[in-house]
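No experiment lies behind these values; they were computed from the predicted model shown.
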Amino acid sequence: MGFFMGLILGIAVGLAIIVGLVKSENARSKRRSELATIIAAFSKMTVEDSRKIFTPESYPSWLVFSQRQKLNWLNVHLTKIWPYVNEAASELIKASVEPVLEQYRPVILSSLKFSKFTLGTVAPQFTGVSIIENGENGITMELEMNWDGNPSIVLDIKTRVGLALPVQVKDIGFTGVFRLIFKPLVDEFPCFGAVCCSLRQKKNMDFTLKLIGGDISTIPGLYGAIEGTIRDAIEDSIMWPARKVIPILPGDYSDLELKPVGMLEVKLVQAKELTNKDIIGKSDPFAVLYVRPIPDRMKTSKTINNDLNPIWNEHFEFVVEDASTQHLVVKVYDDEGLQGSELIGCAQVLLRDLQPGKVKDVWLKLVKDLEVQRDNKNRGQVQLELLYCPSGMENGFTNPFTQDFSMTSLEKVFKSGVNGIESHENEKAAMQKKREVIIRGVLSVTVISAEDLPAVDLMGKADPYVVLTMKKSDIRNKTRVVNECLNPVWNQTFDFVVEDGLHDMLILEVWDHDTFGKDYMGRCILTLTRVILEGEYKDCFQLDEAKSGKLNLHLKWMPQPIYRDT
C-alpha cells in the first residue's frame with residue numbers, strides 16, 4: 001500500500017515539475033519575443049523619435065546628436081591632392097595672418113613675422129558636413145574637421161634689444177567647424193560669385209612653442225606673450241563672424257565683408273551668492289564681458305572687495321556683427337592681486353534671443369565651463385540689462401539731435417519718451433551745439449507691504465522697517481516700524497530727485513528694530529530702467545540674502561529732462 005502511495009505521489013510531483021518547466025519556458029519565450037519586438041522598434045527609431053520619448057536630462061553630457069553627414073570620400077581625395085593644397089593654402093594663410101600678428105605684436109618685440117610656413121604632409125580629416133538653411137541668396141555649408149598635423153612653421157622674432165629668436169610652432173592639434181558661404185547664386189558657372197571662409201567654431205586648438213637652439217623659458221614672459229598673440233590673431237582673422245572673401249567671378253562683393261550690424265548695450269547690475277574662493281575673508285569679484293574675445297573689445301568691471309553679493313551698476317557697449325550667431329559672454333573672477341585671478345563662474349546670452357529695441361532684464365546662472373551642458377554646483381548668479389539696437393533702426397531710436405551725436409542706445413530709448421520738444425526743434429538745436437541728454441526726474445516709491453518675512457526675534461516675530469537708498473546720491477529714507485509682524489503693511493510714499501536715472505539704483509533693505517540695535521533681514525536692488533521706460537508700475541520683489549520674504553512696491557517716474565554741453 002505504501003509503495004503505491006509513493007508511486008502516485010512521485011508521478012504527481014513529476015507531472016507538476018514538468019508542467020512548471022513548460023509554463024516557465026513558455027513565459028521566457030514570450031518575454032524573448034516581446035524583447036525582440038522592442039529591439040526591432042528601437043532599431044527603426046530615428047533621432048527625432050528618441051527626443052520625443054526621452055527628456056534632455058535623461059541623456060549623459062557626452063551624448064551629442066549630430067546632424068552632419070560623413071565625408072569618408074572627401075578625406076580619401078583630399079589626401080591625394082594635399083601636396084598641392086598645402087602649397088597653395090600655405091601662401092594664402094601666411095599672407096592673411098602675418099599682418100594680424102603684427103597688429104597684436106607684444107610690446108617686448110620689435111618684429112614678428114614668418115620665416116617659414118608650410119602645412120606639412122598630413123591632411124586634415126573632415127568628420128561631417130551640414131547645410132544651413134537661412135533663406136538667403138546663397139548656400140551655407142559647415143565642415144567639421146580634425147587635424148593632428150606636422151606643419152613646419154617658424155616665427156622670426158626680434159626683441160627691442162635687437163636679439164633675433166627663431167621660434168618653432170609644433171605639435172599642433174585642432175578640432176573645429178569651418179563655415180563656407182557660396183554667395184551670391186548666379187546663372188553663370190560655377191553658379192556662385194564668391195566664397196566666404198570662416199572658422200565657425202573652435203572646439204580645441206593646442207600647440208607648443210620651441211626656441212630653435214635654446215630654451216624659450218629662459219626669457220620670462222616670452223612664451224605667454226607669443227602664445228597669446230597667435231590665439232588673438234586667429235580669433236581676429238578667421239574666427240566667425242570674421243571671414244575671408246574669395247571672389248570666383250568678377251563683381252562687387254563688398255556686402256559680404258565683415259561689417260557692424262548693430263550695437264549691444266549692457267548694464268552689469270549685480271551678482272549674488274557667489275562662490276567664495278578665498279580661505280580668509282571673501283572673494284574680490286570683478287567681471288569680464290565680451291561678444292568677441294579680442295583684447296580691445298573685452299570690457300572689465302571694477303573690483304568689489306570682500307563681497308559675495310557685489311553691486312557694479314556699470315554700463316558697456318559692444319559692436320555686433322552677426323546677431324544670429326554671436327553671444328554675450330560674462331565671466332566673473334576673484335581678484336587675487338599679484339597671483340592673478342581665479343574664475344568663479346561664467347554665463348552667456350544668445351543675441352538672437354533679444355528682441356531688438358526692447359530692454360531685457362536677465363538673471364544668469366554661473367557655470368564652470370560654457371561647454372558643459374549641466375553644472376549642478378551653485379556658483380552664483382549675475383544680473384544684466386540688455387538692449388540690442390540694429391543699425392538704422394527707426395521708431396524712436398534715431399538720434400534726436402544728429403546722427404553722430406554722443407549718446408548710448410539706452411539713452412536714446414529714454415530720450416524718445418521725453419515730451420515737450422518737437423523733432424524739428426531738436427534738429428535746429430543740434431545745428432547750434434551738441435548736447436547730451438541726462439535722464440533727470442523725480443522717482444516716487446510707495447512701500448506698500450511685505451510678505452512672509454523671516455522671524456528673527458526669540459518669540460518668532462519681528463519689528464520690520466525698510467530703509468530706501470539711492471546708490472549714486474546716497475539719499476536715504478525709511479518707513480515706520482511695524483511691531484511684531486511678519487506681514488507688515490506700510491503704504492508709505494517717498495520721493496527722490498534723481499540726477500542721472502540711467503546710472504542710478506534704488507536699494508531697499510529690510511531691518512528688524514530692536515531696543516539695543518537692529519537685525520538685517522534682506523534687501524532688494526532695482527535699477528531705474530523699467531520705471532523710466534514704463535513711467536509707472538506695481539510689482540512684488542523677492543528679498544535677496546533672506547530665507548523668505550517679498551516686498552510689494554509701486555514706482556512712478558516724473559521726468560525732468562536737462563541737457564549738458566559736450
Whether over 12 other heavy atoms sit under 6.0 Å from [X] [atom1]:
X: Lys259; atom1: NZ; value: yes
X: Arg352; atom1: CZ; value: no
X: Lys472; atom1: NZ; value: yes
X: Lys556; atom1: NZ; value: no
X: Lys550; atom1: NZ; value: no
X: Lys202; atom1: NZ; value: yes

Validation row: [X], [Y] side chains within 4.5 angstrom (heavy atoms):
X: Leu551; Y: Trp490; result: yes
X: Leu553; Y: Leu508; result: yes
X: Met521; Y: Leu543; result: no
X: Glu545; Y: Lys272; result: no
X: Gln270; Y: Asn313; result: no
X: Leu268; Y: Val382; result: yes
X: Leu289; Y: Met298; result: no
X: Met505; Y: Val269; result: yes

As an exercise, state the distance from [atom1] of [X] to [atom2] of [Y], rounded to the nearest 0.5 Å.
X: Met263; Y: Tyr388; atom1: CE; atom2: OH; value: 10.5 Å
X: Thr469; Y: Lys478; atom1: OG1; atom2: NZ; value: 11.5 Å
X: Thr303; Y: Tyr333; atom1: OG1; atom2: OH; value: 12.5 Å
X: Gln326; Y: Tyr290; atom1: CD; atom2: OH; value: 12.0 Å
X: Leu366; Y: Leu274; atom1: CG; atom2: CG; value: 6.5 Å
X: Leu384; Y: Leu364; atom1: CG; atom2: CG; value: 5.0 Å

Give a yes or no answer on whether the side chain of [X] reaches the backbone of [Y] with a donor-acceptor pair at less than 3.5 Å.
X: Lys302; Y: Trp312; value: yes
X: Asp334; Y: Asp284; value: yes
X: Ser391; Y: Val261; value: yes
X: Asp544; Y: Cys524; value: no
X: Asn378; Y: Thr275; value: no
X: Ser198; Y: Ala242; value: yes

So that I can tick it off, tell me whether [Y] and [X] are bridged by a salt bridge, with the cut-off set at under 4.0 angstrom between side-chain N and carboxylate O.
X: Arg179; Y: Glu142; result: yes
X: Arg530; Y: Asp361; result: no
X: Lys299; Y: Glu314; result: no
X: Asp353; Y: Lys360; result: no

Exercise for review: Return the orientation label for the Tyr537 and Phe541 ring planes: parallel under 30°, perpendicular over 60°, tilted otherwise.
Suggested key: perpendicular

Review point. Which class fits the ring pair Tyr520 and Trp511: parallel under 30°, tilted 30 to 60°, perpendicular over 60°?
Key: perpendicular

Locate the shortest heavy-atom distance separating [X] from [Y]; write the atom from each residue and the value.
X: Phe207; Y: Tyr223; answer: O-OH, 4.0 Å
X: Lys471; Y: Asp504; answer: N-OD1, 3.5 Å
X: Leu328; Y: Leu351; answer: N-CD2, 4.1 Å
X: Met470; Y: Phe496; answer: CG-CD2, 3.5 Å
X: Glu536; Y: His554; answer: OE2-NE2, 2.7 Å
X: Asp322; Y: Ser324; answer: OD1-OG, 2.7 Å

Check your understanding: Per the side-chain contact (heavy atoms from CB on, under 4.5 Å) rule, which among Leu453, Asp519, Val481 passes with Asp512?
Key -> Asp519

Practice item. Just do the side chain to side chain contact (heavy atoms under 4.5 Å, CB included) check on Phe174 and Leu199 with the steps written out, would you? Key: CA-CA 12 Å; Phe174 174 80; Leu199 181 58; 3.5 Å; yes

**Study point:** Leu443 vs Leu555, side chain to side chain contact (heavy atoms under 4.5 Å, CB included): CA-CA, chis, key distance, verdict
**Key:** CA-CA 7 Å; Leu443 175 66; Leu555 284 81; 4.3 Å; yes

Check your understanding: Taking it one step at a time, do Val367 and Cys346 satisfy side chain to side chain contact (heavy atoms under 4.5 Å, CB included)?
Key -> CA-CA 5 Å; Val367 296; Cys346 53; 4.3 Å; yes

Review point. After noting the C-alpha distance and the side-chain angles of Met239 and Arg292, does the key distance pass the side chain to side chain contact (heavy atoms under 4.5 Å, CB included) rule?
Key: CA-CA 9 Å; Met239 191 71 188; Arg292 291 183 65 189; 5.6 Å; no

Point to revise | Ser283 vs Asp278, side-chain hydrogen bond (donor to acceptor under 3.5 Å, both in side chains): CA-CA, chis, key distance, verdict | key: CA-CA 6 Å; Ser283 296; Asp278 291 349; 4.7 Å; no

